[in-house]
*Asks:* 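One structure is given below, represented as structure tokens, and several questions about it will come after.
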Amino acid sequence: MATTILELSQLISKSVNELVTTCSANDLRVPDLNELYTPESEAFRKNQAVARAANIAAAAAFQLAACLLPPQESVLQVTSGVPLTDNDILEQKGMHTSEIAKKTGIDGQKLGRLLRLLANRHIYREVGPDVFAHNRISGVLSTGKSIEEILKEYVSPKQLQTHKTLISSHSPIAKHDNTDGFCAFNELLMADAHKASSYLMENMLDPETSHSDEPQHSPLQRALRFDTNLWDFQSRPENAYRLRRFGVAMKGGTVMQLPNLLIERKTISPKKVMLYVE
């Protein structure tokens, strides 16, 4: 790992130096991150040497970040990519998308495109054409249980032996039990938070909800179409899995916290705490 991060840092430094030198020689300017975007600000990319150096530096920076950040943080940064497959299916040696498709009912070609997109962000590895395996980052999305263990309460042993088993048609209530909770936390974001965020604009513009502080007037109620508070909704019999996952997900939020965070808060200046949180 030490060799890898050193090589990446050197590649970033070399590429940035090439970019700056070429821009200076051609009277080009790289826009500041704090400036507003304009089409004209991207003029420097028309120079092929500059564009190539920028792409190499950025790609190396992404990989360096993937090496150094906690896996959970890397996952949360690209959760909008939404891995559609159940991560407990993938084998360490890799699995072809056609095999994943048999177990999930998801279209193999579409799944391959999504997994490749995530692999380009260093979540999963493409170890062969359409063959994907876990890496350090994608591994945190697994419960650590076998798919047979997860489904055994809902599917007969005979069904488990056939490719006709569709994971999407089952809600194994104990899936996240006895896990660190991060997988449940990430699934909660994908299942509920993303749906709620897509209705935020409608909720802010609707006169009935825009100025309401009532818990039943949140974007989540609009997205999932219920008119009670969240706790009553999750207590419905049909939401048993959702309620159980929510409890485990709350524990999963602590995975991202430093063990002695509250104790250290007394000894770290407010400025340093602010920098850490950012």
Side-chain angles (χ1 to χ4, degrees), residues 69-90 103-104 123 134 136-155 160 165-200 203 209 212-265 277:
L69 287 173
Q72 294 87 350
E73 186 170 340
S74 295
V75 167
L76 292 178
Q77 287 183 352
V78 292
T79 294
S80 57
V82 186
L84 295 180
T85 181
D86 192 304
N87 288 275
D88 299 292
I89 292 175
L90 284 182
K103 292 177 178 289
T104 62
I123 298 180
H134 275 308
R136 180 172 178 268
I137 296 178
S138 66
V140 301
L141 294 171
S142 173
T143 63
K145 302 177 181 180
S146 68
I147 198 63
E148 290 78 12
E149 181 182 357
I150 291 174
L151 294 179
K152 66 182 179 181
E153 296 182 38
Y154 294 84
V155 188
L160 282 175
T165 299
L166 298 182
I167 291 173
S168 58
S169 65
H170 300 280
S171 295
I173 193 171
K175 173 182 177 180
H176 297 291
D177 287 7
N178 302 314
T179 68
D180 66 8
F182 180 76
C183 185
F185 181 73
N186 192 65
E187 187 178 302
L188 177 65
L189 291 180
M190 293 188 290
D192 289 353
H194 280 225
K195 290 187 179 76
S197 66
S198 66
Y199 281 87
L200 180 59
N203 219 62
T209 57
S212 174
D213 292 325
E214 295 299 321
Q216 66 269 26
H217 287 163
S218 80
L220 182 63
Q221 275 82 349
R222 187 181 293 267
L224 300 183
R225 299 183 181 180
F226 66 96
D227 56 5
T228 63
N229 62 60
L230 177 62
W231 317 116
D232 289 342
F233 173 70
Q234 292 192 138
S235 297
R236 293 175 182 176
E238 66 270 23
N239 290 330
Y241 172 74
R242 183 188 298 273
L243 177 62
R244 196 151 172 174
R245 181 188 63 195
F246 185 88
V248 180
M250 293 302 96
K251 183 181 72 171
T254 64
V255 173
M256 301 290 293
Q257 303 294 331
L258 291 174
N260 299 319
L261 183 62
L262 294 180
I263 297 175
E264 292 178 355
R265 176 63 181 83
V277 171

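All values reported here derive from a predicted model rather than from experimental measurement. For the numbers below, each heavy atom of this structure counts, side chains included, while hydrogens, waters and symmetry mates do not.
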*Asks:* Is there any salt bridge (Lys or Arg N to Asp or Glu O under 4.0 Å) pair reaching into residues 222-237, and which pairs are they, with sequence neighbours excluded?
*Replies:* D206-R222
*Asks:* Please list, chain by chain and in numerical order, all residues satisfying side chain to side chain donor-acceptor pair (under 3.5 Å) with S212, sequence neighbours excluded.
*Replies:* H217
*Asks:* Quick one: does Y241's side chain get under 4.5 Å of H176's, heavy atoms only?
*Replies:* yes
*Asks:* Considering non-hydrogen atoms only, spot the tightest contact between S235 and L243 and give its length.
*Replies:* CA-CD2, 4.4 Å
*Asks:* Who passes ring pair (Phe, Tyr, Trp, His ring centres under 6.0 Å) against F233, sequence neighbours left out?
*Replies:* F226
*Asks:* Can a donor-acceptor pair be found, under 3.5 Å and without considering hydrogens, that links the side chain of T179 to the backbone of T143?
*Replies:* no
*Asks:* Identify, with sequence neighbours excluded, every residue that meets side chain to side chain donor-acceptor pair (under 3.5 Å) alongside N239.
*Replies:* none
*Asks:* Using side-chain contact (heavy atoms from CB on, under 4.5 Å) as the criterion, list what pairs up with S198, not counting sequence neighbours.
*Replies:* none
*Asks:* Minimum heavy-atom separation for L188 and M250, please, with both atom names.
*Replies:* CD2-CE, 4.1 Å
*Asks:* Mind checking what makes side chain to side chain donor-acceptor pair (under 3.5 Å) contact with R244, not counting sequence neighbours?
*Replies:* D177
*Asks:* Please enumerate all residues that pass side-chain contact (heavy atoms from CB on, under 4.5 Å) together with A196, with sequence neighbours excluded.
*Replies:* P219, L220
*Asks:* Do any pairs count as a salt bridge (Lys or Arg N to Asp or Glu O under 4.0 Å) and have a residue in residues 181-200, sequence neighbours left out, and if so which ones?
*Replies:* K175-E187, E187-R245, D192-R242, D192-R245
*Asks:* The criterion is side chain to side chain donor-acceptor pair (under 3.5 Å); which residues satisfy it with Q221, sequence neighbours excluded?
*Replies:* S218
